[in-house]
Amino acid sequence: MIIKGDKIESFEGKRLDKALIELYPDFSRSQIQGFLKKSFVKVNGKIEKASYLLKYSDVLDVSEFVHENTEIKKQDLKLEILYEDDEKLVVYKPSGVLTHLDKNYRENTLVNGLLDKIHVEDFEDKNRPGIVHRLDKETSGLVLVCKTVTCRDFYLNEFKNRKVEKKYYAIVFGHLKHKMGIIDSPIIRDIKSRKKMSISTEKKAKPSITHFKVLNEYQFGKFKFSLLDLDLKTGRTHQIRVHLSAISHPVVGDFLYGSKKENDLIKSISKRMYLDSYRLCFNDSLSKKKLCFEKSLNNDFEAFLSKLEVCGII
């Protein structure tokens, strides 16, 4: 796999080993160091030390250690497809299903379920063929998947230029002081945990903007909950989860950014993380006309809301 351009720009001036650790959080620090010692990484076609400082013009070749298994198991995951044409499709990803494969997960991803629709052999990265954006494993909702490289490249640019509309529902702990607002807080990978993102004032933190609106409030025993409508103006990793946790209203069922104690106390009624991407709008890659898709909440999300409604909407 070759890495260059925008992906390198954010690591300009950073040590090669530290950049690789951030680029590939699935690998441990010691594994990355081992790959470098074994000369599995090339910079501009040459072997460099771990201390090498990256430049914007650099081209990284990490093909030696990024294992791209071309043998992908086809699975019938009973996926709901809302739209399909010769270039792309819009599919509903259930909670608990990964968007794409990686070195640890080779099954139960959208790629496995859509294998007969994507021209996998045309894509360089066989783990993410046709994937232009992703949802976290526990997040459900609409995902745009491309069948061709041309389509993939078009929508990567559309997402980069913020021409794609994404709206979410979330059930969070507590009642918000402000019933409508904007969370405008830059996000960067957490320095203590590579699995997490965090809000930061560092120069390299990426601008991240989330609009929110409270739709309903609930009381369940001693717990308070709110149903939010969220509009993402940017699409950073874990953006909604980080932003809502930062204002002390984490998503219910989010053990990474929320309170383990609170989530454990209500797990008898909470079976998942309650975050769902219900609306997706984008310009058609062929006609350039705007296409919009919405999906009603699935059964487990609706069931949890029904339990809260029985106890009373505030």
Side-chain angles (χ1 to χ4, degrees), residues 25-26 92-99 102 105 108-109 133-143 166-178 181-183 185-200 206 208-232 234-278 297-308:
D26 291 332
Y92 180 79
K93 186 191 84 66
S95 176
V97 172
L98 289 163
T99 304
D102 65 23
Y105 296 94
N108 300 316
T109 75
H133 69 121
R134 61 181 289 275
L135 297 178
D136 298 332
K137 180 181 178 182
E138 279 72 32
T139 302
S140 56
L142 302 180
V143 178
K166 297 161 288 181
K167 299 190 75 172
Y168 293 71
Y169 288 130
I171 303 175
V172 302
F173 284 105
H175 292 166
L176 283 69
K177 180 179 179 181
H178 301 288
I182 300 172
I183 306 171
S185 300
I187 290 175
I188 197 170
R189 190 162 297 280
D190 192 280
I191 58 174
K192 295 180 180 179
S193 173
R194 289 165 43 239
K195 291 183 178 180
K196 298 178 67 174
M197 308 297 288
S198 62
I199 287 173
S200 173
K206 295 182 178 180
S208 306
I209 302 170
T210 304
H211 291 219
F212 70 86
K213 179 181 179 181
V214 176
L215 299 178
N216 274 320
E217 295 177 328
Y218 310 88
Q219 183 90 36
F220 190 93
K222 65 178 181 180
F223 289 98
K224 293 179 180 179
F225 302 94
S226 298
L227 174 63
L228 307 184
D229 190 336
L230 301 143
D231 186 358
L232 265 66
T234 53
R236 309 304 177 199
T237 301
H238 297 177
Q239 179 176 319
I240 291 175
R241 299 165 66 185
V242 174
H243 276 175
L244 293 178
S245 178
I247 63 170
S248 301
H249 296 285
V251 178
V252 174
D254 187 351
F255 283 84
L256 186 60
Y257 294 100
S259 164
K260 184 178 185 304
K261 182 179 179 181
E262 282 187 320
N263 282 310
D264 279 341
L265 286 171
I266 66 157
K267 64 183 178 183
S268 63
I269 60 167
S270 172
K271 304 300 182 185
R272 53 164 290 185
M273 185 174 75
Y274 291 95
L275 182 60
D276 183 89
S277 175
Y278 75 90
L297 290 173
N298 64 11
N299 293 338
D300 52 359
F301 206 116
E302 282 281 16
F304 185 62
L305 281 178
S306 296
K307 289 177 182 178
L308 297 183

Roughly how far, to the nearest 0.5 Å, is [atom2] of [Y] from [atom1] of [X]?
X: Arg241; Y: Leu256; atom1: CZ; atom2: CG; result: 5.5 Å
X: Ile182; Y: His243; atom1: CD1; atom2: NE2; result: 11.5 Å
X: Leu230; Y: Asp276; atom1: CG; atom2: CG; result: 11.0 Å
X: Leu275; Y: Ser140; atom1: CG; atom2: OG; result: 7.0 Å
X: Phe225; Y: Leu305; atom1: CZ; atom2: CG; result: 10.5 Å
X: Lys166; Y: Thr210; atom1: NZ; atom2: OG1; result: 9.5 Å

Margin query: Set out, in order, the CA-CA distance, both residues' side-chain angles and the distance that settles salt bridge (Lys or Arg N to Asp or Glu O under 4.0 Å) for Lys213 and Asp229, then state yes or no.
Written below: CA-CA 5 Å; Lys213 179 181 179 181; Asp229 190 336; over 6 Å; no

Margin query: Using the rule given for side-chain contact (heavy atoms from CB on, under 4.5 Å), can you reason through Ile171 versus Val251, listing the C-alpha separation, both sets of side-chain angles and the distance that settles it, and then say yes or no?
Written below: CA-CA 6 Å; Ile171 303 175; Val251 178; over 6 Å; no

Please report the closest heavy-atom contact between [X] and [Y], naming both atoms and the distance.
X: Leu135; Y: Thr99; result: O-OG1, 2.9 Å
X: Lys93; Y: Val143; result: CB-CG2, 4.1 Å
X: Lys271; Y: Lys267; result: NZ-O, 3.8 Å
X: Arg134; Y: Thr237; result: NH1-CG2, 4.4 Å

Do [X] and [Y] have side-chain N/O donor and acceptor atoms under 3.5 Å apart?
X: Ser226; Y: His175; result: no
X: Arg189; Y: Ser198; result: no
X: Tyr278; Y: Asn298; result: no

State whether the side chain of [X] and the backbone N or O of [Y] hold a donor-acceptor pair below 3.5 Å, judged by distance alone.
X: Gln219; Y: Gly221; result: yes
X: Glu262; Y: Phe173; result: no
X: Thr234; Y: Ile209; result: yes
X: Asp190; Y: Ser193; result: yes
X: Gln239; Y: Arg236; result: yes
X: Ser270; Y: Ile266; result: no
X: Asn263; Y: Ser259; result: yes
X: Tyr257; Y: Met197; result: yes

Next item on the list: On the 0 to 90° scale, with breaks at 30° and 60°, tag the Phe304-Tyr274 ring pair as parallel, tilted or perpendicular.
Entry: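 Plane angle under 30°, so parallel.
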
Beyond-backbone contact of [X] with [Y], side-chain heavy atoms, under 4.5 angstrom:
X: Leu228; Y: Leu244; result: yes
X: Ile187; Y: Lys206; result: no
X: Ser277; Y: Tyr168; result: yes
X: Phe212; Y: Asp231; result: no

Notebook entry, point to check: Can Leu227 and Leu308 be said to form a side-chain contact (heavy atoms from CB on, under 4.5 Å), step by step?
Noted result: CA-CA 10 Å; Leu227 174 63; Leu308 297 183; over 6 Å; no

Check: More than 12 foreign heavy atoms under 6.0 Å from NZ of Lys196: is that the case here?
Finding: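 Correct, the count exceeds 12.
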
Margin query: Before you tell me yes or no, could you show the steps for Asp264 and Phe255 under side-chain contact (heavy atoms from CB on, under 4.5 Å), namely the whole-Å CA-CA distance, both residues' side-chain angles and the distance that decides it to 0.1 Å?
Written below: CA-CA 9 Å; Asp264 279 341; Phe255 283 84; 3.5 Å; yes

Check: Which is it for Lys137 and Leu98 under the side-chain contact (heavy atoms from CB on, under 4.5 Å) test, yes or no, and what are the steps along the way?
Finding: CA-CA 5 Å; Lys137 180 181 178 182; Leu98 289 163; 3.8 Å; yes

